[in-house]
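Written below as structure tokens is the structure these notes are about.
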2 protein chains.
Amino acid sequence: MIIKDDKEKAIVDAATRLFLDKGFASTSTTEIAKEAGCNQALVHYYFRTKERLFEAVFAGKFEAFASSILEISQEDLSFEEKLRLKIESHFDMLHENPKLPMLIAYELNTNPKRLDSMKEKLGNLPAKVFANFQEELDKEIALGNIRPIKIIDLIYSMLALNISIFIIGPIMKSFVGLTDDMYENLIANRRKENVDMLLNSLRP
Amino acid sequence: MIIKDDKEKAIVDAATRLFLDKGFASTSTTEIAKEAGCNQALVHYYFRTKERLFEAVFAGKFEAFASSILEISQEDLSFEEKLRLKIESHFDMLHENPKLPMLIAYELNTNPKRLDSMKEKLGNLPAKVFANFQEELDKEIALGNIRPIKIIDLIYSMLALNISIFIIGPIMKSFVGLTDDMYENLIANRRKENVDMLLNSLRP
DNA sequence: ATCATATTTAATAGCTCTATTAAATAGCAA
DNA sequence: TTGCTATTTAATAGAGCTATTAAATATGAT
């Protein structure tokens, strides 16, 4: 048999799907087992508790999510080009994981323990990267290329614009009655619009 | 006794607090009863099911939320001024109900039934108001005051910018380690920033 | 005061969920 | 093959949750 029948991975995959769809609290280990095609006890054999299973899923996803914001680009491009690329790649990552922002936002907002544990995990990485970024920003400001702005405001604007479409979008789609095509169109349009708005907002 | 000891209201209030804090699935009727200072059976006496209690809470909150977007302003002001007021009052409503966007977004995204029921409830109101708004927008576009834009994009931008601070903000506050004062400052700043970004994005 | 109705509680049925345990089975090294 | 370990399952303990029922208590009208 070439493909090893890896139940542990099947469980993580099933759990990921279900947690993303219905959230942590509304997903049972019984359901996860069924979705993974195994006995419910096996879920606990590999992960002991539902909480630990969630952490296994969540930590990985959150890391991918955070690194897409925090990683410093190396390319030798103009500031504007670098920023544009950053915004777009962040947007694309979200587009590939459209349900991730909702899960992360919800779990961190409703569960103080998870917020603390993620803060712990990240350590002073955010502060460090922010400081780096701010330096780069300040150079551009000194050159008069962009208006004075704090990095936290810029990052917040990017997060706000990029994340929201995947949270508000599905609701709008239903309320306004968009077809799948129209919806994909809306998303593609937002990708462009978000970049424009952000770059625009930096003009001196 | 002047103040009637209205347990029904106490139950709704307790439920509202708890649902906003921890979400629907993680809140039990037992907990609601304890918080409201009554027996658990009383919760079911008044509302029969937890689902119905949630709907009683949710419908009211959602209505307030939706109307803050949909209502048409009557004032005799310039388009820009009207828009500015709309953005600001929407922001202020959220500021007074900071946990509401998370609850609504989460419940509508993870529970198709609620999405359908809200869509039903709203009927064609969104389409109607959008059409009205678009007309007004088109007039300004024809005058060359603003660039061509679809109302759905404008509303989405407003929602994205205004809502996000109350979803991302608490997480940022923890990760970056902001004091309460710094956080309130950030929020006040976003109120201004959001208006600027939105009006900016309309320039021809 | 009496009765009817509304409110509130105690008790509990019935379910589902998490987690554990012990037994069965599979996989593999010697 | 035998025996050892890893995987998988069946069974179930124990807890909590929703919802109902019947009884107790409060309220208000006559």
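Below, read A as the first sequence line, B as the second, and so on, with proteins coming before strands; counting in each chain starts at 1.
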So if I take the C1' atoms of five pairs at each end of the helix from C:dA1-D:dT30 to C:dA30-D:dT1 and get each local axis, what angle do the two axes make, rounded to 10 degrees?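 It works out to 0° between the end axes.
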So what does A:T30 touch, heavy atoms closer than 4.0 Å: a base, only the sugar-phosphate, or nothing? base
Whether B:K99 engages the ring of B:F19 as a cation-pi pair (distance to the six-membered ring centre under 6.0 angstrom, angle to the ring normal within 45°) should be assessed.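 No, B:K99 and B:F19 do not form such a contact.
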Take atom [atom1] of [X] and atom [atom2] of [N], then tell me their distance rounded to the nearest Å.
X     : N      : atom1 : atom2 : result
B:K7  : C:dT8  : NZ    : P     : 7 Å
B:I32 : D:dA19 : CD1   : C1'   : 14 Å
B:Q40 : D:dG16 : CD    : P     : 14 Å
B:I11 : D:dT18 : CD1   : P     : 14 Å

Is any NZ, NE, NH1 or NH2 atom of the basic residue among [X] and [Y] found under 4.0 Å from an Asp or Glu carboxylate oxygen of the other?
X      : Y      : result
B:R114 : B:E51  : yes
B:D13  : B:K9   : yes
B:R84  : B:E81  : yes
B:R147 : A:E193 : yes

Would you confirm whether B:K173, through its side chain, and B:I168, through its main-chain N or O, come within 3.5 Å as a donor-acceptor pair?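 No: the side chain of B:K173 does not pair with the backbone of B:I168.
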Give a yes or no answer on whether the side chain of B:N109 reaches the backbone of B:A105 with a donor-acceptor pair at less than 3.5 Å. yes
Any residue in residues 41-54 of chain B with a heavy atom nearer than 4.0 angstrom to DNA chain C? Just list them by number, or reply none. B:A41, B:L42, B:Y45, B:Y46
For a quick test of reading the model: is some side-chain N or O of B:T29 closer than 4.0 Å to OP1 or OP2 of D:dC17?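 Looking at the OP1 and OP2 atoms of D:dC17, neither is under 4.0 Å from any side-chain N or O of B:T29.
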Set of residues satisfying side chain to side chain contact (heavy atoms under 4.5 Å, CB included) with respect to B:Q134, sequence neighbours excluded: B:L137, B:D138, B:K150, B:I151
